[in-house]
Amino acid sequence: MRKVVRGFYAIAYAVKLSKPNVIAAYPITPQTEIVENLAQMYANGDLGDTEYITAESEFGAASMVLGASAAGARVFTATSSQGLLLMTEVLYNAAGMRLPVVLVVANRSISAPLSIWNDIQDSISIRDAGIIQLYAENNQEAHDMVPLAFKVAENRDVLLPFMVCVDGFKLTHAYEPIDLLDQDAVDRFLPPYKPPVKLDVNNPVAMGCYAPPPYYMEFRVAMEYAMDRAKEIMLEEFEKWYEITGRNWGGHVVAESCEDAEIVVVAMGSIVSLVREAVKHLRQKGLKVGLLKIRTYRPFPAEDVRESLKNAQKVIVLDRALSVGAEPPVTADVKSALFGLDLKVYPVVVGLGGRDIPRELIEDIVKNVAEEKITPEKRYEGLNEFEEVIP
Amino acid sequence: MNLFGPGHGACPGCGFPIAVRGALEALDGKAIVVNSTGCLEIVSSMYNRNTWGVPYVHSLFENAGAVAAGVEAALRALKREDEAHVVVFAGDGATFDIGFGTLSGMMDRNHNVIYICYDNEAYQNTGNQQSMATPTGAATTTTPVGNILPGKVGRKKDMIGIAVAHGIPYVASASIAYPKDFQRKVRRAAEFKGAKYIQVHSPCVTGWGIDGKLTVEVAKLAVETGLYPLVEYENGQLVRVRKIKERKPVTEYLKLQRRFRHLFSHPKGQEIIEELQRVADENAKKYGLDA
Ligand SMILES: Cc1ncc(C[n+]2csc(CCOP(=O)(O)OP(=O)(O)O)c2C)c(N)n1
Ligand code: SF4
């Protein structure tokens, strides 16, 4: 069913079709309307047997979905920015307890200074928690990723939380024509959740144990193995998704015009569409440019990145977050994937806190790289002149 | 079947195993347990040495109320609500301090959960630091006795009053010195649908500085002095209190414990003792404790 809807609705509707047993959430811009849509569906009786809980905080929301997941339920929550940071301790815990919690993060910058606008510092900041992270390019992809998230997270060989990352405002608030899934298709794809263990009086187990040094490390490394397996399992599920919906989003990465490209621009999230336009434009002008879209950020598809970029000479990574004091995060991952290859990587930080990223800016960066006007050092593009003030 | 233990690693004489086993027995083992970080978790949940005979989940120090709410919601959504009671065991630190927000949320939404706070009046797992449940005058590592300070200066938070103010159907205080009374309260709590809060006074031998053999005696004295009134609220109404025949002076209770020993020599000690006596007298008046 094709309908012009906003990102919130596209996501909320996909959540409804995924039939979670428990939803718990707390409002924060720009996520709020996702859960408001779900709350309305709940109020209308459209969520079936789903329990919808209005939490007292994101910390509580994450804790409730953790508890519900431990009891064997399929669970969902959504958040942004400070909310995600407030959930962080619980989300690490959910990952360690191998609970397939699914959440949507409407990406937003982190304070201070206070900003409600988009970058991806929030989700990037918890990349090490043991949570699968996918970044949607548009609302159709965000919509499609939700059932996929449940399917992969709940796979017995994975059992890790799954985070669908969607650019706040740019996607959440945008109207787009969306091909809304139908229940039948989702039901065919996503069976009800059958947890391998759960809190059950007839078969008591202890979950979330205390592990002294002879045990702890194995638990952590087991998560690493699960992430590795998730890489393959995700590809299989992407394939099944394509069979059911006819929509092929590609694999962990999508390489466009890369075969003969001398320069490839690497991007994640909604900015990918913009880069695609820039690449088209530059190609018309005779520049051999390509685009590498990273969909899966955790597990990081290092082999795919390396394979897609190995023929390029220069790689520009557009980073929309910082790792203050080090290489920007996506750049660092890309560089380590390319280790030993003879190509130059240009880390370019753009769009922090909702700073505009015009297409021309991207084109200028590419042109400057082509003409060797800039060096492969960390740069901040779109930055105003300012004097650093030390309070 | 063993519902709790053998094999837990609590100190000999610790109060909370009496409460935990008592509660689980009172519920015939029909319980799913949620437990915050603290002594209880450490002594019972070690990998490969699990001492729980009921399903058990530990998450964090500060979210037992919310995790329990999630478990309860899941049981409802999955049509399993008759399977078991959702029971929280949480220390006073987890309850009065760091987990207060999620507990309040759980009570406010009136989740069908029996929340049992074992109140050992400090953070014992990290080595006896003050919590908001620590009574006035108690020496802890973060309220040490010094030339100026006579141990904890502030009051013990009135969690019972706060729980009642949430309008939940059942609230009670109890003591491990009166296990039958505690078990009756747990069973009574189970009869109500919605959030239940029971606070059970539970001595800590190391933190309080008592002989392991004196645990029950000390706990009893807390009740008999009026410092730990045993009360019961149903639907916001005070329905029962444990009367005291001849209320003992608080010094009887204080003198058995190392955490209060300084009160008998510190320049401000007498003042604190009088303050504690005043608290006991107030309790007696407020709840009509004197028989
Ligand atoms: C966020 C966080 N802060 C601090 C700690 C350290 N910590 C673990 S248990 C504990 C105190 C527990 O006190 P209480 O709830 O009274 O239980 P008890 O140990 O007395 O049984 C503290 C401070 C922690 N685990 N998590
Ligand atoms: S330290 Fe105190 S509370 Fe902890 S097990 Fe020992 S006696 Fe019990």
Side-chain angles (χ1 to χ4, degrees), chain A residues 19-24 26 47-57 59-75 77 87 89-90 92-94 96-97 99 101 192-193 195 197-212 214-216 218-219, chain B residues 1 3 27-35 37 41-80 82-86 88 99 101-109 111 113:
Chain A
K19 298 182 177 165
N21 306 110
V22 175
I23 300 171
Y26 193 84
L47 284 189
D49 292 331
T50 303
E51 288 291 332
Y52 179 97
I53 316 173
T54 51
E56 73 286 348
S57 70
F59 187 79
S63 304
M64 284 188 266
V65 294
L66 180 147
S69 185
R74 172 174 293 164
V75 299
T77 188
M87 286 184 178
E89 195 193 358
V90 186
Y92 264 84
N93 211 239
M97 290 169 71
L99 297 173
V101 169
Y193 176 40
V197 282
K198 62 176 187 236
L199 298 169
D200 176 359
V201 169
N202 303 312
N203 187 19
V205 289
M207 299 173 73
C209 65
Y210 149 56
Y215 303 117
Y216 181 84
E218 285 70 18
F219 280 88
Chain B
M1 187 170 88
L3 299 172
L27 298 171
D28 295 324
K30 269 186 73 168
I32 293 177
V33 168
V34 179
N35 175 210
T37 309
E41 168 243 350
I42 294 295
V43 305
S44 70
S45 83
M46 198 206 287
Y47 184 64
N48 266 348
R49 299 224 192 130
N50 168 36
T51 64
W52 295 85
V54 293
Y56 167 94
V57 57
H58 160 68
S59 177
L60 297 170
F61 183 20
E62 63 272 39
N63 67 357
V67 172
V71 170
E72 186 264 347
L75 295 187
R76 246 184 304 134
L78 299 169
K79 313 254 179 289
R80 285 170 52 200
D82 294 333
E83 185 183 309
H85 300 282
V86 180
V88 174
T102 58
L103 168 58
S104 178
M106 188 279 271
M107 293 194 291
D108 182 66
R109 291 183 302 268
H111 287 275
V113 170

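Each chain gets a letter, A, B and so on, in the order the sequences are listed, and its residues count up from 1.
Atom CD of A:E56 is separated from atom CZ of B:R109 by 4.5 Å, given to the nearest 0.5 angstrom. Within the model, atoms OG1 of B:T51 and CG of B:L3 stand 11.0 Å from one another, a figure rounded to the nearest 0.5 Å. In this structure, B:N63 CG and A:N93 CG are separated by 7.0 Å, a value rounded to the nearest 0.5 Å. Summarising the geometry, atom OG belonging to A:S69 is positioned 5.0 Å from atom OH belonging to A:Y193; distances are rounded to the nearest 0.5 Å. The OG1 atom of B:T102 sits 6.5 Å away from atom CZ of A:F59, with the distance rounded to the nearest 0.5 Å. Remark: A:I23 CD1 to A:I53 CD1 distance equals 9.5 Å, nearest 0.5 Å.
In this structure, the portion of A:L66 lying under 4.5 Å from any heavy atom of chain B is its side chain and not its backbone. Both the backbone and the side chain of B:E62 come within contact range of chain A, with heavy atoms under 4.5 Å apart. At a 4.5 Å heavy-atom cutoff, A:V75 makes no contact with chain B through either its backbone or its side chain. Looking at B:A31, the atoms closer than 4.5 Å to chain A (heavy atoms on both sides) all sit in the backbone: N, CA, C or O. Only the side chain of B:N50 comes within less than 4.5 Å of a heavy atom in chain A; its backbone stays farther off. B:L78 touches chain A through its side chain: at least one heavy atom from C-beta onward sits under 4.5 Å away, while N, CA, C and O do not. Proximity to chain A is limited to the side chain of B:N48, based on heavy atoms less than 4.5 angstrom apart. Contact of A:V201 with chain B is made through backbone and side chain together, with heavy-atom distances under 4.5 Å. Both the backbone and the side chain of A:D49 come within contact range of chain B, each with at least one heavy atom under 4.5 Å from a heavy atom of that chain.
With respect to chain B, the highest number of heavy-atom pairs below 4.5 Å among A:A24, A:G60, A:A73, A:A206 belongs to A:A206. The candidate from B:G65, B:A74, B:A84, B:A69 with the greatest count of non-hydrogen atom pairs under 4.5 Å with chain A is B:A74. Between chain A and the residues B:I42, B:V33, B:L75, the most heavy-atom pairs under 4.5 angstrom are made by B:I42. In terms of non-hydrogen atom pairs under 4.5 Å with chain A, the most contact-rich of B:V34, B:V67, B:I32 is B:V67. Contact count against chain A (heavy-atom pairs under 4.5 Å) is highest for B:P55 among B:P55, B:G105, B:S104. Annotation: maximal heavy-atom pairing with chain B below 4.5 Å, among A:T54, A:D200, A:T50, A:N202, occurs at A:D200. Chosen from B:K30, B:R80, B:E72, B:H111, the residue pairing most often with chain A at heavy-atom distances under 4.5 Å is B:R80. For the set A:A211, A:G72, A:G67, A:P212, the count of heavy-atom pairs under 4.5 angstrom toward chain B peaks at A:G67. Put simply, of A:E89, A:R74, A:K198, the one with the most heavy-atom pairs under 4.5 Å next to chain B is A:E89.
When atom types are taken as modelled, the side chain of B:H58 and the backbone of B:N35 share a donor-acceptor pair closer than 3.5 angstrom.
When all heavy atoms of B:H85 and B:L27 are compared, the closest pair comes out as CD2-CD2, 3.8 Å.
A donor-acceptor contact closer than 3.5 angstrom links the side chains of B:W52 and B:S44.
Aromatic pair B:Y47/A:F219: centroids less than 6.0 angstrom apart.
For A:E51, the side-chain hydrogen bond (donor to acceptor under 3.5 Å, both in side chains) partners two or more places apart in sequence, or in a different chain, are B:R76.
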